[in-house]
Amino acid sequence: MANSTDSVFLDFDVLFLPPPTEYIIPTYHGYVSVAVYGDQEKPALITYPDLALNHVSCFQGLLFCPEACSLLLHNFCIYHISPPGHELGAAAIDLDCPILSVDYLADQIAEVLNFFGLGAVMCMGVTAGAYILTLFAMKYRQRVLGLILVSPLCKEPSWTEWFCNKVMSNLLYFYGMCGVVKEMLLKRYFSKEIRGGAHLQGSDTVKACRRSLDERQSLNVWRFLEAINGRPDISEGLRKLNCRSLIFVGDMSPFHSEALHITSKLDRRFSALVEVQSCGSMVTEEQPHAMLIPLEYFLMGYGLYRPTKLSVSPRSPLSPSCISPELYSPESMGLKLKPIKTRISTQV
């Protein structure tokens, strides 16, 4: 790109990759779909989406943010794991197959890593996916370098959540992905502002998500919902995690209090909370730019960085000349990653 005061250096070899390579991996508890982006010689970043979503509908917004794409794909090969039956073009899972528990779903991740010959990995999950990856980190501690959790869950469902999930579960089972279910899911993902009111159509992001929900196999979504609605409380195991954690949550997310609870249980020396104002649960789609600078600081603790030139984007003012040297020290990251709040202008 031409040099200018507001330009950003982008690695075009990173941004213009061919489509991901799709793998269907057999595990002890059934088949798992994995979409792989990038050079498999690089360190691995594992992602896991929320209920009724896959890597396209849950992480596309973040990866369409040029700076975030440059940061992540410059440093990682991304392995997008879909919940069983949530991948693009998935067929309905046979009703005779047992519903997998959250423990089994976490065990599937370990089998995926074994298939690719991966050791310790970075993990990024959203809401239900964040719960699965956190549980995976608790069961397989030596295989997780760090956790990036977006609107995560850790407690068992409250009575309100349990009841809403049961209503949605019955609707999915008997009526499929009907309008009521889609509205319940959109409220789970997005703030009211971006969804639009009764006389508004909502943003393009919400419209795209609504279309993606039409493509889901309703009984496959029902199976994942049943597993998540039966999840146990894993709060007490959080303090024993030996990896750093970065938590994002929208202040309008229905799971905002859950994220605060998780933060209170994690070791404060190695965790940080970023509250994104005027945002729902799916920060990766609604306000992906809010994630960029916290991610850059977080990954610098692992010696990872985003390639830059002297002229960099005002949105991401990090460059080697203006970063405090102690930020490169892993021992200091716990001190630097203090809880912060961030507001993203709608004009960005």
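In this structure, Thr284 and Met291 have side chains that are in contact, with non-hydrogen atoms separated by less than 4.5 Å. Inter-residue side-chain proximity for Leu147 and Met122 is flagged as unmet; no heavy-atom pair is nearer than 4.5 Å. In this structure, Ile293 and Tyr297 have side chains that are in contact, with non-hydrogen atoms separated by less than 4.5 Å.
Legend: residues meeting side chain to side chain donor-acceptor pair (under 3.5 Å) with Asn220, ordered by chain and number and at least two apart, are absent. Not a single salt bridge (charged side-chain N to carboxylate O under 4.0 Å, His left out) links Asp94 to another residue, sequence neighbours left out. With sequence neighbours excluded, the residues satisfying salt bridge (charged side-chain N to carboxylate O under 4.0 Å, His left out) with Asp267 are Arg269. When the salt bridge (charged side-chain N to carboxylate O under 4.0 Å, His left out) test is applied to Glu236, the partners found at least two apart in sequence or on another chain are Lys265. For Tyr140, the ring pair (Phe, Tyr, Trp, His ring centres under 6.0 Å) test picks out Phe136, with sequence neighbours left out. Residues forming a salt bridge (charged side-chain N to carboxylate O under 4.0 Å, His left out) with Glu183 (at least two apart in sequence, or on another chain): Arg210.
Evaluation of the salt bridge (Lys or Arg N to Asp or Glu O under 4.0 Å) test over residues 157-168, restricted to residues two or more places apart or in two chains, returns Glu161-Arg231, Lys166-Glu226. Screening residues 123-139 for salt bridge (Lys or Arg N to Asp or Glu O under 4.0 Å) gives Asp103-Lys139, Asp107-Lys139 as the qualifying pairs, with residues at least two apart or on separate chains. Listed by first then second residue, pairs satisfying ring-ring contact (aromatic ring centres under 6.0 Å, His included) with a partner in residues 229-268 number zero, not counting sequence neighbours.
Cluster annotation: Leu172 and Ile93 are assigned to distinct hydrophobic clusters (Ile/Leu/Val/Met/Phe/Trp/Tyr, side-chain heavy-atom contacts under 4.5 Å, transitive). Linking Ile, Leu, Val, Met, Phe, Trp and Tyr residues whenever their side-chain heavy atoms come within less than 4.5 Å places Leu145 and Phe298 in a single cluster. Note on Leu171: it clusters hydrophobically with Ile228, by side-chain heavy-atom contacts below 4.5 Å among ILVMFWY residues.
A donor-acceptor pair under 3.5 Å is absent between the side-chain atoms of Ser253 and the main chain of Gly280, judged by distance alone. A donor-acceptor contact shorter than 3.5 Å links the side chain of Arg223 to the backbone of Cys97. Not one N or O on the side chain of Gln60 forms a donor-acceptor pair closer than 3.5 Å with the backbone of Glu285. Without hydrogens or angle criteria, Arg195 side chain to Tyr189 main chain gives no donor-acceptor distance under 3.5 Å. A donor-acceptor distance shorter than 3.5 angstrom exists from the side chain of Asp251 to the backbone of Ser278, with no hydrogens or angles considered.
Remark: Cys77 SG to Leu72 CG distance equals 12.0 Å, nearest 0.5 Å. The NZ atom of Lys182 sits 8.0 Å away from the CE atom of Met177 when rounded to the nearest 0.5 Å. In this structure, OH on Tyr37 lies 13.5 Å from CG on Leu45, to the nearest 0.5 angstrom. Between the OG1 atom of Thr134 and the CG atom of Leu241 there is a distance of 7.5 Å, given to the nearest 0.5 Å. Of the inter-residue distances, the one linking Asn114 atom CG with Ile109 atom CD1 reads 12.0 Å to the nearest 0.5 angstrom. For the atom pair Ser33 OG and Ile24 CD1, the distance stands at 4.0 Å (nearest 0.5 Å).
Within a 6.0 Å radius of CZ in Phe115, more than 12 heavy atoms belonging to other residues, nucleotides or ligands are found.
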Just list the side-chain donor-acceptor pairs under 3.5 Å for residues 81-91, sequence neighbours left out, or say none.
from  : atom 1 : to    : atom 2 : distance (Å)
His86 : ND1    : Pro84 : O      : 3.3
His86 : NE2    : Ala52 : N      : 3.3
Glu87 : OE1    : Gly85 : N      : 3.4

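Counting only N and O atoms by type, the side chains of Glu286 and Ser191 include a donor and acceptor under 3.5 Å apart. Side-chain contact annotation: Ser271 with Ser245, donor-acceptor N/O pair under 3.5 Å absent.
With side-chain heavy atoms closer than 4.5 Å counting as contact, directly or through intermediates, Met252 stands alone and belongs to no larger hydrophobic cluster. Other cluster members for Tyr28: none, since no ILVMFWY side-chain heavy atom sits under 4.5 Å from it.
The pair Glu296-Arg306 meets the salt-bridge criterion, with a side-chain N (NZ, NE, NH1 or NH2) lying under 4.0 Å from an Asp/Glu carboxylate O.
In plain terms, the two heavy atoms of Ala68 and Leu62 that are nearest each other are CB-O, 3.4 Å. Of all the heavy atoms in Val221 and Arg216, the pair that sits closest is CG2-CB, 3.8 Å.
The distance between the ring centers of Tyr23 and Phe116 falls below 6.0 angstrom. Ring centroids of His74 and Tyr305 are separated by less than 6.0 Å, placing the two rings close together.
Each of Val126, Thr127, Leu105 was evaluated against Tyr48; a single residue qualifies, Leu105, per the side-chain contact (heavy atoms from CB on, under 4.5 Å) test. Leu185 pairs in a side-chain contact (heavy atoms from CB on, under 4.5 Å) with only one of the listed residues (Leu225, Leu53, Leu213), which is Leu213.
Using bins of under 30°, 30° to 60° and over 60° for the plane-to-plane angle, the ring pair His55/His80 lands in the parallel bin.
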**OP:** Show your working on side chain to side chain contact (heavy atoms under 4.5 Å, CB included) between Asn165 and Ser169 and close with a plain yes or no.
**Re:** CA-CA 6 Å; Asn165 286 347; Ser169 180; 5.9 Å; no
